[in-house]
Engineer: 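Here you go, one structure.
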Amino acid sequence: MAQISLTFPDGSARDFEAGITPAEVAESIARSLAKKAISATVNGAHHDLQWPIEADASIAINTMADDAAALELIRHDCAHIMARAVQSIWPDVKVTIGPVIDNGFYYDFDRAEPFTPEDLGEIEKKMKEIINKRDPVTTEIWERDRAVKHYQANNEPYKVELIESIPGDEPLRMYWHGHWQDLCRGPHLQHTGQVPADAFKLMSVAGAYWRGDSDRAMLQRIYGVAFKTREDLKAHLHMLEEAAKRDHRRLGREMSLFHMQEEAPGQIFWHPNGWRIYTTLQDYMRRKQHADGYVEVNTPQVVNRTLWEKSGHWANYQEHMFIVEVDEDHAREKTINALKPMNCPCHVQIYNDGLKSYRDLPLRMAEFGSCNRYEPSGALHGIMRVRGFTQDDAHIFCREDQIEAECAKFIEFLSSVYSDLGFDKFEIMFATRPEKRVGTEESWDKMEAALENAIKLTGHAYTLDPGEGAFYAPKLDFKLTDAIGRVWQCGTFQVDPNLPERLGATYVGEDGAKHRPFMLHRACLGSFERFIGILIENWAGKLPFWLAPRQVVVASIVSDADDYVHAVVDRLTARGVRAEADIRNEKINYKVREHSMGKVPVILACGMNEVADGTVSVRRLGEKQTSVVSLDSVADELAQDALPPDLKHKSH
RNA sequence: GCUGCUGUAGCUCAGAGGUAGAGCACUCCCUUGGUAAGGGAGAGGUCGAGAGUUCAAUUCUCUCCAGCAGCACCA
C-alpha cells in the first residue's frame, strides 16, 4: 500500500496508507475526537469523513466548534432529513434538490396536493424522530447506469434528469440517511443524531420552478432554518420579527406616509407625511444635480408608438408598457400610444432639437421622470416594486473620450449622495461584455477601459461581473448596504452607443462633420419610490431630522400653556422647522406615547414652568431623558438640524 | 405571469348556513394631568366584486380583482 503524508493544522505531518478516511485519521488521534468529528477540511475543501484520501494533503478535522463547517452540514443534513420525513409520510412524493441557503435550507418536492402549515408541523415532528434514531449516514459512488435504473425503477424522474445533466466524467455519489437514499455530492454528518433536534424550524412553503425555468413544472419548495443551538434559532426568529417591524408597508401605514388600493395596483397614494419625505429628497437631489452641472428637463407621459418603434422599446419591451389607445372618430382609426416606461428616448428628442456642437458636450440632461411599467403582478412589492414611479434619471451626451471623466464624476457624485443619506458603504459591480453583443472588440476594449479607469481614479474598490453588461455596452451597478446588512442595487451607470444611433443623434465636431455622441444612462437613487422604501427600512422609520416628515411636536401639559405652544410652533416654523402643536385634552403621557410611536424626532413639552421661563422641555426620540432649554437655543439648534446635508456643509 | 395562502369597522383580528363582534383609533362629556395609554358615553361594516347551490349565503361552490410568501421577471 502506498503511503501518503497528511499535514495537520499545527504543522506536524504523519504518514498514512493511501485511501485512509478522515474518520480513521481522527480515530488515530483520539477516540473522543473521532466521536466529535463532523467533517474534515482537506486541502481547503470541505470533505466528508468517509471519503478516502489518496494523496499527500493538508487536513483538519472539523467538530461542531467549527461554525462554517458545522452550519453547512447541519443545514444540508436537515434538508435530507426533511426529504426523508416527507417521503415517509407521503411515499408518492417525488424528490428533486435540496441545497443549503443563508440561515437554512430548502427542498423542492413534486406532490399533487399542496403542503399545508399543519403538514409542516407534522414533517418537523417526523424529522425529530429521524434525528433521534441516530441513523448512520453512509455514502457510495455508483455507476451512472445503475443510478439511472435505480431512479427509473423508483419513479424519480427528476433525479434521472439530474444525473443526465451531470458531466459523464464526474462520479455519482449516493448518500443514505438510514435507509433513505439521495443523490448528493456531500459532504454530510456521521449520523442523523448530530443534527440538533431543537435548533431547526420549517418556515414556509412556496412554489418554485423546476431548474428555475418558468416553462417547466412548478414544484413545492419547503424552506427551513437551522442552527447549532436552540438559542441561535431563537435569536434568528427574533431578528426576523425585528426586520418585520421595519417593513416599509407597515411603517407607511403607521406613520401615515402613503397607502395603496386595488383600483391602482402598483401605484402609490402619497399622504402629506410621505410626500414631505419625497419632496425633501427630490429638492435635495435637484440641488445636488444642479451643483454638478446637470440641466433639468421634463418630457411627455403619453407618447405615440412610432417613437417607441424607433427606440426599439416596441419590439423589446412592449409587454411591460401601458398601451393607451385613443379612438379618434374623425380620423376613423385608432392612435396607439404608450405611457413612457423610460425617459431616454424623450431625452434624445430634446437633444436632437437643433444642431449640437462638440462645444455643447458633455451635456448632462436630468429629469425626475415619471415612468409607468406594467410589472408582472407577482413582482409588485409595497412601494419598492411598483408600476408608476419617478426616477432620478439623467443622460449624459458626450464623446467617447469623455466617458471616463464623466464616469468618475458620477461615482463621486453618487458617493456623496449616499453618504448624505446615511449609507456609508456601497459596492461597485463592473459588468463587462456579454457573449451575445454588438460592436467591435476594439470599441468594447475602449468602453471597458474607460469605466475601469474611472473607478480607479476615484479610488473605490469594485467587483468584476463578467459577461453581465448590456448587449451594446458595459455598465456599473452600485449596491448599498443598509443598517441590517441587506444589499440593495440602486445606482447604475450605463454606456450606450446604441440609442443615439437608433434615434439619429449627432453633433458637429471640430472638423465640421457630423459625429455620433455616446449616451450615458445614470441614476443614483434609481426610483424615488423604491429608495424611500429603503430609507424607511434602513432607519426603521426614524429618519434623520432633515428628512423626517414630522420634525417637532410641541405639546401642552396644561391648557393654560396652549397659547405659548402656538408661539413656539410659529417660532420654529419661521426658522424652517416642521413643527406642529398638540393642545388636545390629553395627558402628557398620552401625547408622548403617541408621538414617540409616530417616530416624531423631537417632542417639546410646555407647562406653566416653561411659559414662565421662556423655555421648553426637550425630549428626543429614543431617549428617556428630557432637558429644559431656553426657546432661543432650541430654535437655533433645530433650525440647524433641519438643514439638508448639502446646505449644512456650505454653512460650516 | 406561476404555485400556495389571505381578503370581516380607519388599524389589528375573532366569528357563524338564519343579514356580525373585540381591542385600539374616531366623536362627545368629565377630567388640567409634568414625559410611553385617566374615566365615561356614542357613532361606525353591501363581511373584496360577480355568478351559482339553498327557503335563506358574509359563511358552501365557481370566476374575477387585490394583497402576502416564494419562484420567474426587472430589454
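Naming: A, B, ... by sequence-line order, numbering from 1 per chain. As the structure is a prediction and not an experimental result, all values here were calculated from the model. Values reported hereafter were calculated over all heavy atoms of this structure, with side chains retained and with hydrogens, waters and symmetry mates removed.
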Engineer: What does A:Gly598 touch in the nucleic acid at a heavy-atom separation under 4.0 angstrom: a base, only the sugar-phosphate, or nothing?
Structural biologist: nothing

Engineer: Tell me the interatomic distance from A:Asp108, atom CG, to B:G4, atom C1', rounded to whole angstroms.
Structural biologist: 14 Å

Engineer: For a quick check of understanding: with a heavy-atom distance under 4.0 Å over all strands, which category does A:Lys591 fall into, base, sugar-phosphate or nothing?
Structural biologist: nothing

Engineer: Using atom P in both nucleotides, what's the gap between B:U19 and B:A72 to the nearest angstrom?
Structural biologist: 49 Å

Engineer: Can you tell me the distance, in whole Å, between the OH atom of A:Tyr106 and the P atom of B:G4?
Structural biologist: 19 Å

Engineer: Would you mind telling me which of B:G34, B:U32, B:A36 lies closest to the side-chain atoms of A:Ser596?
Structural biologist: B:A36

Engineer: For A:Leu621 and A:Glu594, find the nucleotide of RNA chain B closest to each by heavy atoms; which residue's nucleotide sits nearer the 5' end?
Structural biologist: A:Glu594

Engineer: Does B:C64 have a Watson-Crick or wobble partner in any strand here, with both distances under 3.5 angstrom, and which is it?
Structural biologist: B:G48

Engineer: How about A:Phe423 and A:Phe478: are their ring centres within less than 6.0 Å of each other?
Structural biologist: no

Engineer: With sugar-phosphate meaning primed atoms plus P, OP1 and OP2, does A:Asn609 contact a base, only sugar-phosphate, or nothing at under 4.0 Å between heavy atoms?
Structural biologist: base

Engineer: Using a heavy-atom cut-off of under 4.0 Å over every strand shown, decide if A:Gln318 touches base, sugar-phosphate, or nothing.
Structural biologist: nothing

Engineer: Nearest whole Å is fine: how far is B:C24 P from A:Arg593 CZ?
Structural biologist: 11 Å

Engineer: Can you tell me the pairing partner of B:C28 across any strand shown, Watson-Crick or G-U wobble, with both distances under 3.5 angstrom?
Structural biologist: B:G40

Engineer: What is the distance from OH of A:Tyr590 to P of B:C30, rounded to the nearest Å?
Structural biologist: 18 Å

Engineer: Taking only the P atom of each, what is the distance from B:A22 to B:G44 in whole angstrom?
Structural biologist: 13 Å

Engineer: Looking only at atom C1', what distance separates B:C47 and B:U58, rounded to whole Å?
Structural biologist: 4 Å

Engineer: Rounding to an integer number of angstrom, what distance separates B:C62 and B:C74 when you compare their P atoms?
Structural biologist: 34 Å

Engineer: Using modelled atom types only, decide if a donor and an acceptor are shared between the side chain of A:Asn372 and the backbone of A:Tyr374 within a distance under 3.5 Å.
Structural biologist: no

Engineer: Considering Watson-Crick and G-U wobble pairs with both distances under 3.5 Å, what does B:G34 pair with?
Structural biologist: none

Engineer: If you measure from the P atom in B:U54 to the same atom in B:A14, how many Å do you get, rounded?
Structural biologist: 32 Å

Engineer: Heavy atoms only, 4.0 Å cut-off, all strands: where does A:Met608 land among base, sugar-phosphate and nothing?
Structural biologist: base

Engineer: Is the backbone N or O of A:Lys591 less than 3.5 Å from a side-chain atom of A:Glu594, with the two atoms forming a donor-acceptor pair by type?
Structural biologist: no

Engineer: Going 5' to 3' along nucleotides 69-75 of chain B, which nucleotides have protein heavy atoms under 4.0 Å from the base (write B), which only from the sugar-phosphate (write S), and which from neither (write -)?
Structural biologist: SBBBBBB

Engineer: Which nucleotide sits closest to the side chain of A:Ser559: B:G33, B:C11, B:U32?
Structural biologist: B:U32

Engineer: Using nucleotides 47-49 of chain B, report all nitrogen or oxygen pairs with the protein that are shorter than 3.5 Å.
Structural biologist:
none

Engineer: Between B:A36, B:A66, B:A25, which nucleotide gets closest to the side-chain atoms of A:Arg619?
Structural biologist: B:A36

Engineer: Has the side chain of A:Thr626 got a donor or acceptor that lies under 3.5 Å from a partner of the other kind on the base of B:U35?
Structural biologist: no

Engineer: Can you check whether A:Lys624 has a side-chain N or O nearer than 4.0 Å to OP1 or OP2 of B:U35?
Structural biologist: no

Engineer: Any cation-pi pair here, A:Arg433 with A:Phe471, using under 6.0 Å and within 45°?
Structural biologist: no

Engineer: Rounded to the nearest Å, what distance is computed from the CE atom of residue A:Met260 to the P atom of nucleotide B:C68?
Structural biologist: 8 Å

Engineer: Expressed in whole Å, how much space separates the C1' atoms belonging to B:A16 and B:U59?
Structural biologist: 7 Å

Engineer: Suppose we call two aromatic rings close when their centres sit under 6.0 Å apart. Are A:Phe105 and A:Tyr107 close by that rule?
Structural biologist: no

Engineer: What is the pairing partner of B:A69, taking Watson-Crick or G-U wobble pairs with both distances under 3.5 Å in any strand?
Structural biologist: B:U3

Engineer: With rounding to whole Å, what would you report as the distance between B:G21 and B:A43 at their C1' atoms?
Structural biologist: 16 Å

Engineer: Pairs under 3.5 angstrom only: tabulate donor-acceptor contacts from the side chains of residues 487-496 of chain A to other protein residues two or more places apart or in another chain.
Structural biologist:
from, atom 1, to, atom 2, distance (Å)
A:Trp488, NE1, A:Asp482, OD2, 3.0
A:Gln489, NE2, A:Asp477, OD1, 3.3
A:Gln489, NE2, A:Gly491, O, 3.1
A:Thr492, OG1, A:Leu476, O, 3.4
A:Thr492, OG1, A:Asp477, OD1, 3.1
A:Gln494, NE2, A:Tyr472, OH, 3.3
A:Asp496, OD1, A:Asn498, N, 2.6
A:Asp496, OD1, A:Leu499, N, 3.1
A:Asp496, OD2, A:His521, NE2, 2.8

Engineer: Specify the residue among A:Asp560 and A:Gln261 whose closest nucleotide of RNA chain B lies further upstream toward the 5′ end.
Structural biologist: A:Asp560

Engineer: A:Glu254 CD to B:G10 C1': how many Å, rounded?
Structural biologist: 14 Å

Engineer: Keeping A:His248 on the side-chain end and A:Ile383 on the backbone end, is there a donor-acceptor pair under 3.5 Å?
Structural biologist: yes

Engineer: Can any side-chain N or O of A:Arg246 pair as donor or acceptor with the backbone N or O of A:Asn538 at less than 3.5 Å?
Structural biologist: yes

Engineer: Between P on B:U35 and CD on A:Glu610, what's the gap in Å once rounded to a whole number?
Structural biologist: 11 Å

Engineer: For B:A51 versus B:A56, give the span between their P atoms, rounded off to a whole number of Å.
Structural biologist: 15 Å

Engineer: Check the side chains of A:Trp210 and A:Glu161 for a donor-acceptor pair under 3.5 angstrom, ignoring hydrogens and angles.
Structural biologist: yes

Engineer: If B:A20 has a Watson-Crick or G-U wobble mate with both distances under 3.5 Å, name it; if not, just say none.
Structural biologist: none

Engineer: Figure out the NE2/P separation between A:His259 and B:C11, and round it to whole Å.
Structural biologist: 10 Å

Engineer: Does B:U58 pair with anything, Watson-Crick or G-U wobble, both distances under 3.5 Å, and if so, with which nucleotide?
Structural biologist: none

Engineer: Measure distances between side-chain N and O atoms of A:Asn589 and base N and O atoms of B:G33, and say whether any donor-acceptor pair falls under 3.5 Å.
Structural biologist: no

Engineer: Please determine whether the number of non-hydrogen atoms from other residues, nucleotides or ligands lying under 6.0 Å from atom CG of A:Asp102 exceeds 12.
Structural biologist: no

Engineer: Is a salt bridge present between A:Lys245 and A:Glu242, judged by a nitrogen-to-oxygen distance below 4.0 Å?
Structural biologist: yes

Engineer: Sub-3.5 Å donor-acceptor pair from the side chain of A:Asp392 to the main-chain atoms of A:Leu525, do we have one?
Structural biologist: yes

Engineer: Out of B:A25, B:U35, B:G33, which has the shortest distance to the side chain of A:Lys587?
Structural biologist: B:G33

Engineer: Would a distance-only check, ignoring hydrogens and angles, find a side-chain to backbone donor-acceptor pair under 3.5 Å from A:Arg516 to A:Ala505?
Structural biologist: yes

